[in-house]
Asks: 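Quick one: the structure is below, questions incoming.
Order of the sequence lines fixes the chain letters, A, B, ..., with proteins taken first and strands second; residue numbering starts at 1 for each chain. Computed from a prediction, not measured in an experiment: that's the story for all the values here.
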There are 2 protein chains.
Amino acid sequence: MNTREKILDTALRLFNKSGTAEISTNHIAEAAGISPGNLYYHFHNKQEIIRGLFQRLYAIWDAGFLLPQDRKPTLEDLNTLVKANYQIIWEYRFAYRELVALLRQDAELHAGFLAVRQREYDGFHKIFNDFVAADILVEPEDPAAVEELMEVCWLISEFWVTNLEVNGRNVDETEMQLGVKLMLRVLQPYLA
Amino acid sequence: MNTREKILDTALRLFNKSGTAEISTNHIAEAAGISPGNLYYHFHNKQEIIRGLFQRLYAIWDAGFLLPQDRKPTLEDLNTLVKANYQIIWEYRFAYRELVALLRQDAELHAGFLAVRQREYDGFHKIFNDFVAADILVEPEDPAAVEELMEVCWLISEFWVTNLEVNGRNVDETEMQLGVKLMLRVLQPYLA
DNA sequence: GTCTATATAATGATAGAC
DNA sequence: GTCTATCATTATATAGAC
């Protein structure tokens, strides 16, 4: 395997296990079975490793949020999309566990995050508009309602995994499905 | 001022500004205008300072979530309660920015957090049941609904400030009120 | 690309005087 | 309670050989 990728894989594993503050470049090098000098040949510093992992995360998000192009989306598509998002967040959980802290101290990271999440948010937006167009979702009287309901669903999509961790719950298929269930509960009064 | 309190005040300020990983005990001592040795007289190590701040946070939560005892609660009470929660989270924002990471590496901290939040959650529970009893909230057909709606509202209460920070928004009165608005949007179909 | 060896700085933490 | 002085350890990062 590519040494650069091996470093990133190892860092992801250790960061997920113990957090970015606790894991030094020496730890990563040792666990990857390479020398510290070699690690610094591939990455200038620890922050660049973190950036490399975020780049991976961004690429996965951009690849994994494709909506069906040939037909109108269904509630099942929403379910699939959100659960895929939970899986990705769980795979890169170190990033979400320290998200605000990591983004605050690296403007480039933050800019990338905002851009990627805006793309996903736009896809989310589209799916909700399609729901209204397909009469899955009944257009509420208040025109601000769809927007706000979507925002609540987005919040559940972004923070459900974190919420599970904060409350010391398992992060498994069952618990993730519960997040989707809450989302559907929010939409339920507006479903045709 | 009490030296111990001065250390905690200074640590809170620096942690909020730069994060717990970036701030050393030496930084705290210097900013507090005392010697490193003196800091270690009052706290055995950095983790104890973090614990001290969490203890403060827990005390504030326990003191600030009093529901009216003499009358039935109103939607205005919910508004007040949630905004007070946002203020507290903002005041101790370092804790929420790194919440999962900090709780994961300190079992005592986590146990305390779960206990305090459970008490607030119970209060949240009570207010929702009171809403139903007072016919503010119409009992939905599905008996699981009230519980799930409440859980969504709790999620908004816990993560709205984090969401603002992640998205690079200001954390001010206007934006906080938006979080409450989303909560009311979720409840709107069930309001009498 | 990869290694060993090493420089430099910072960190957490303690001892002992006042 | 508070200070100064100090230590052992660790972290980041680089130089130079292979």
Asks: On the nucleotide D:dA11, are OP1 or OP2 found under 4.0 Å from the side-chain N or O atoms that A:Lys46 carries?
Replies: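 For D:dA11, OP1/OP2 do not have a side-chain N/O of A:Lys46 under 4.0 Å.
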
Asks: Using a cut-off of under 3.5 Å, enumerate the N/O to N/O pairs linking the protein to nucleotides 7-10 of chain C.
Replies:
none

Asks: Ignoring the backbone of B:Thr3, work out which of D:dT2, C:dC3, C:dG12 is nearest its side chain.
Replies: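 The answer is D:dT2, which lies nearest to the side chain.
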
Asks: Distance alone, cut at 3.5 Å: any donor-acceptor contact between the side chains of B:His125 and B:Glu147?
Replies: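 B:Glu147 and B:His125 do have a side-chain donor-acceptor pair below 3.5 Å.
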
Asks: Whole-Å distance between C:dT4 P and A:Ile34 CD1?
Replies: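 Taking CD1 of A:Ile34 and P of C:dT4, I get 11 Å after rounding.
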
Asks: Rounding to an integer number of Å, can you tell me how far B:Asn38 CG sits from C:dA17 C1'?
Replies: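 The distance from CG of B:Asn38 to C1' of C:dA17 comes to 15 Å, rounded to the nearest Å.
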
Asks: So, B:Lys72 and B:Asp77, do they make that salt bridge, N to O below 4.0 Å?
Replies: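 Judged by the 4.0 Å cut-off on N to carboxylate O distance, B:Lys72 and B:Asp77 do not form a salt bridge.
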
Asks: Whether the B:Asn163 and A:Trp154 side chains hold a donor-acceptor pair (N or O, under 3.5 Å, no angle test) is what I'd like checked.
Replies: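 No - no donor-acceptor pair under 3.5 Å links their side chains.
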
Asks: Contact between B:Glu158 and B:Arg117 at the side-chain level, heavy atoms closer than 4.5 Å - yes or no?
Replies: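 A side-chain contact exists here, since the closest heavy-atom pair is under 4.5 Å.
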
Asks: Whole Å only: how far is the CG atom of A:Leu39 from the C1' atom of C:dT4?
Replies: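 After rounding, the gap between these two atoms is 15 Å.
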
Asks: What is the separation between atom NZ on A:Lys6 and atom C1' on C:dT2, rounded to the nearest whole Å?
Replies: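 It is 11 Å, rounded to the nearest whole Å.
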
Asks: Quickly work out the A:Ile49 CD1 to D:dA11 P distance and round it to whole Å.
Replies: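 After rounding, the reported distance stands at 13 Å.
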
Asks: Using the side-chain heavy atoms of A:Tyr41, tell me which of these nucleotides is nearest: C:dT2, D:dT12, D:dG1.
Replies: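 Taking heavy atoms from C-beta onward, the closest nucleotide is C:dT2.
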
Asks: Looking at C:dT2, I'd like to know if its phosphate oxygens (OP1 or OP2) sit under 4.0 Å from a side-chain N or O belonging to A:His42.
Replies: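 Affirmative; the distance criterion is met.
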
Asks: Whole Å only: how far is the CD atom of B:Glu22 from the P atom of D:dA11?
Replies: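 Rounded to the whole Å, the gap is 15 Å.
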
Asks: Nearest to the side chain of A:Tyr40 - D:dT12, D:dT2, C:dT4?
Replies: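 Of the candidates, D:dT12 comes closest.
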
Asks: Check the side chains of A:Glu22 and A:His27 for a donor-acceptor pair under 3.5 angstrom, ignoring hydrogens and angles.
Replies: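 A:Glu22 and A:His27 do not have a side-chain donor-acceptor pair below 3.5 Å.
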
Asks: Taking only side-chain N and O atoms of B:Asn45, does any of them lie within less than 4.0 angstrom of OP1 or OP2 on C:dG12?
Replies: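 For B:Asn45, the contact criterion (side-chain N or O under 4.0 Å from OP1 or OP2 of C:dG12) is not met.
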
Asks: Output the single nucleotide from C:dG1, C:dT4, D:dT2 whose closest atom is nearest the side chain of A:Ser35.
Replies: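 For A:Ser35, the side-chain atoms sit closest to C:dT4.
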
Asks: One thing to verify: whether B:Lys83 and B:Glu173 come together as a salt bridge, which I'm taking to mean a side-chain N less than 4.0 angstrom from a carboxylate O.
Replies: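 Judged by the 4.0 Å cut-off on N to carboxylate O distance, B:Glu173 and B:Lys83 do form a salt bridge.
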
Asks: Does a side chain donor of either B:Asp122 or B:Gln118 reach within less than 3.5 Å of an acceptor in the other side chain?
Replies: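 Yes, because at least one side-chain N or O of B:Asp122 sits under 3.5 Å from a partner of the opposite role on B:Gln118.
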
